[in-house]
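Report on the structure given below.
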Amino acid sequence: MPELPEVETVRRGLAPVMEGRVIAVAQVNRPDLRWPLPERMAERLTGARVIGLGRRSKYILVALSTAETLIIHLGMSGRMIIAGKTTGQFLHAAPVAAKHDHVILEMDDGTRITFNDARRFGAMDLCPSDQVERHRLLQDLGPEPLGNSLDEDYLCARLKGRNTPVKAALLDQRVVAGLGNIYVCEVLHRCGISPRRKAGRLSQRRAASLVPAIRTVLDEAILAGGSSLRDYRQADGELGYFQHAFRVYGREGQACRTPGCDGQVRRIVQSGRSTYYCPACQT
DNA sequence: ACACGACCCTGTTCGC
DNA sequence: TGCGAACAGGGTCGTG
């Protein structure tokens, strides 16, 4: 489900209810998600104060007073559901876990945060806070696209010589962190670049144009609260609405939204995933 | 090093 | 209406 804008939206939703608060009770309902959960996870979380919520790529980082950081990945279907007095949901009932409620954190003010993940492609791990960047899941990630570390020279250098379609290159988290299927499609459309074009065969100028497009698309999506496909929601239960701004994603057969272009959006499959693009204006 | 496919798991949607 | 196939936003791993 979640690409960088969705994860950032979830982080922003969680921060006000978690930061500064103590995890009063941690309930872990199964031994694994995608991988085994850390040893004694519930004990290590219970009693810890949340110092701050960060994000790296599609990972939420919960820094704890115990000098450990809880690393959370939402996978495809993972959701963080907040229930508390401010959300209008009832807390009177005993914490009956709904289907796929795998981890429940009850904060010291009674707010409950539930990690629900039907497909279980999500992950959680605990790691010493000073070694988060060296964690196996994070160590090979490329630069954050919204930080200063992604610049045009870097991206051109990384795409140079690559024989893979630019679509696949941008999905590669070692090149740029946080892009997923949706936003790569949208970025390529805005740049007028065909997803099938070999990464190494882009002119310097066109490759460079990807950088501001990546920033713009991600910024706009975060501003819109992410994209809601299927049942994805923000942490507060609200729907994101960036999906209405999609120019190609999920729009097979519909008119291209590039001004002056009379093309029609087409769907192809690249490395097993759907790619949407306009053959008329993306070359 | 790179490129590609299989795989992980469940739920929803689509076609017959 | 029922049923299987296809598909879904993630990432890892093994192969050639």
Side-chain angles (χ1 to χ4, degrees), chain A residues 1-10 29-37 55-60 71-80 98-102 115-125 135-142 145 157-188 195-201 217-218 221-222 224-235 239-253 267-276:
Chain A
M1 155 211 2
E3 303 182 28
L4 188 154
E6 290 73 39
V7 176
E8 176 61 19
T9 299
V10 170
N29 293 334
R30 56 172 301 129
D32 56 4
L33 294 170
R34 174 162 188 183
W35 297 290
L37 288 164
R55 178 189 59 73
R56 173 78 168 103
S57 186
K58 300 167 190 170
Y59 296 89
I60 294 170
I71 300 173
I72 303 173
H73 195 287
L74 300 173
M76 299 263 264
S77 54
R79 295 196 286 159
M80 303 296 292
K99 206 173 180 189
H100 308 306
D101 284 353
H102 304 312
F115 177 79
N116 179 288
D117 182 12
R119 217 173 152 186
R120 247 186 295 131
F121 280 16
M124 286 196 196
D125 201 5
H135 190 277
R136 69 177 181 94
L137 293 171
L138 280 74
Q139 62 181 355
D140 293 325
L141 292 173
R158 288 303 300 260
L159 297 182
K160 203 168 182 175
R162 289 197 62 165
N163 195 34
T164 197
V166 62
K167 162 86 183 313
L170 292 179
L171 277 177
D172 186 340
Q173 300 297 298
R174 296 168 302 183
V175 175
V176 182
L179 292 178
N181 203 35
I182 293 177
Y183 295 106
V184 168
C185 290
E186 295 297 316
V187 165
L188 289 170
R196 322 166 71 140
R197 179 168 291 274
K198 306 280 193 201
R201 298 205 165 273
V217 168
L218 295 181
I222 290 170
S227 304
S228 294
L229 276 69
R230 300 184 171 70
D231 59 351
Y232 167 75
R233 307 230 162 185
Q234 300 178 29
L239 291 166
Y241 48 89
F242 188 73
Q243 67 277 10
H244 303 301
F246 288 167
R247 298 190 187 175
V248 283
Y249 190 84
R251 298 190 60 246
E252 182 178 19
R267 184 181 87 96
I268 59 173
V269 175
Q270 291 180 293
S271 45
R273 317 187 106 99
S274 290
T275 296
Y276 296 89

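Predicted, not measured: the structure shown is a model, and the values here were computed from it. Sequence lines set the chain letters: A, B, ... in the order given, protein chains first and strands last, and positions in each chain run from 1.
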Look at all strands and tell whether A:K198 reaches a base, only sugar-phosphate, or nothing, counting heavy atoms closer than 4.0 Å. nothing
Can you tell me if A:N116 and A:K99 form a side-chain donor-acceptor pair at under 3.5 Å? no
So if I apply the side-chain hydrogen bond (donor to acceptor under 3.5 Å, both in side chains) rule between A:T275 and each of A:R196, A:Q270, A:R267, which one comes out positive? A:Q270
Between the base of B:dC9 and the side chain of A:R119, is there any donor-acceptor pair under 3.5 Å? yes
Within this structure, what is the CD-to-P distance between A:Q270 and C:dC7, rounded to whole angstrom? 15 Å
Length of the CZ-C1' vector between A:R162 and B:dA3, whole Å: 9 Å
Tell me whether the rings of A:F115 and A:H102 are parallel (<30°), tilted (30 to 60°) or perpendicular (>60°). tilted
Atom-pair distance (CZ on A:F246; P on C:dA8), nearest Å: 13 Å
What heavy-atom pair brings A:S274 and A:C185 nearest, and what distance separates the two atoms? O-SG, 4.3 Å
Would you say that more than 12 heavy atoms from the other residues, nucleotides or ligands in this model lie under 6.0 Å from the CZ of A:R174, or not? no
Taking only the side-chain nitrogens and oxygens of A:S77, find out if one of them lies under 4.0 Å from OP1 or OP2 of C:dG9. no
I want to check one thing: is the phosphate of C:dC7, taken as OP1 and OP2, less than 4.0 Å away from some side-chain N or O of A:R267? yes
With P as the reference atom in both, quote the distance from B:dC14 to C:dG9 in angstrom, rounded to an integer. 15 Å
Select one nucleotide: of B:dA3, C:dA8, B:dC4, the one nearest the side-chain heavy atoms of A:P165. B:dC4
What is the distance, to the nearest angstrom, from the CG atom on A:N163 to the P atom on C:dG16? 20 Å
For the pair made of NZ in A:K160 and P in B:dC2, what is the distance, rounded to whole Å? 14 Å
Could you tell me whether the phosphate oxygens of C:dG9, OP1 or OP2, come under 4.0 Å of any side-chain nitrogen or oxygen in A:N181? yes
Polar-atom pairs under 3.5 Å, protein N or O versus N or O of nucleotides 11-15 of chain C: list them with distances, or write none.
residue, atom, partner, partner atom, Å
C:dG11, OP1, A:K58, NZ, 3.4
C:dG11, OP2, A:K58, NZ, 2.8
C:dG11, N2, A:R34, NH2, 2.9
C:dG11, N3, A:R34, NH1, 3.3
C:dG11, N3, A:R34, NH2, 3.1
C:dT12, O4', A:R34, NH2, 3.3

Whole-Å P distance, C:dT1 and B:dG11: 23 Å
In terms of the angle between their ring planes, are A:Y183 and A:F246 parallel, tilted or perpendicular, with boundaries placed at 30° and 60°? perpendicular
Nearest whole angstrom, please: distance from the P of C:dC7 to the OH of A:Y249. 12 Å
Give a yes/no answer on whether the side chain of A:S274 brings an N or O atom under 4.0 Å of OP1 or OP2 in C:dA8. yes
If only side-chain N and O atoms of A:H100 are considered, is one of them under 4.0 Å from the OP1 or OP2 phosphate oxygen of B:dG11? yes
In whole angstrom, what separates A:N116's CG from B:dT10's P? 13 Å
Kindly confirm whether the side-chain ring of A:F121 is stacked on the base of B:dC8, judged by centres under 5.5 Å and planes under 30°. yes
Rounded to whole Å, the CG-C1' distance (A:D32 to B:dC9) equals 11 Å
Which base, if any, makes a Watson-Crick or G-U wobble pair with C:dC13, both distances under 3.5 Å? B:dG5
Is it the case that more than 12 heavy atoms not belonging to A:R201 sit under 6.0 Å from its CZ atom? no
Under 4.0 Å between a side-chain N/O of A:Y183 and OP1 or OP2 of C:dG9, yes or no? no
Using the rule side chain to side chain contact (heavy atoms under 4.5 Å, CB included), only one of A:E3, A:E6, A:M80 pairs with A:L74; which is it? A:M80
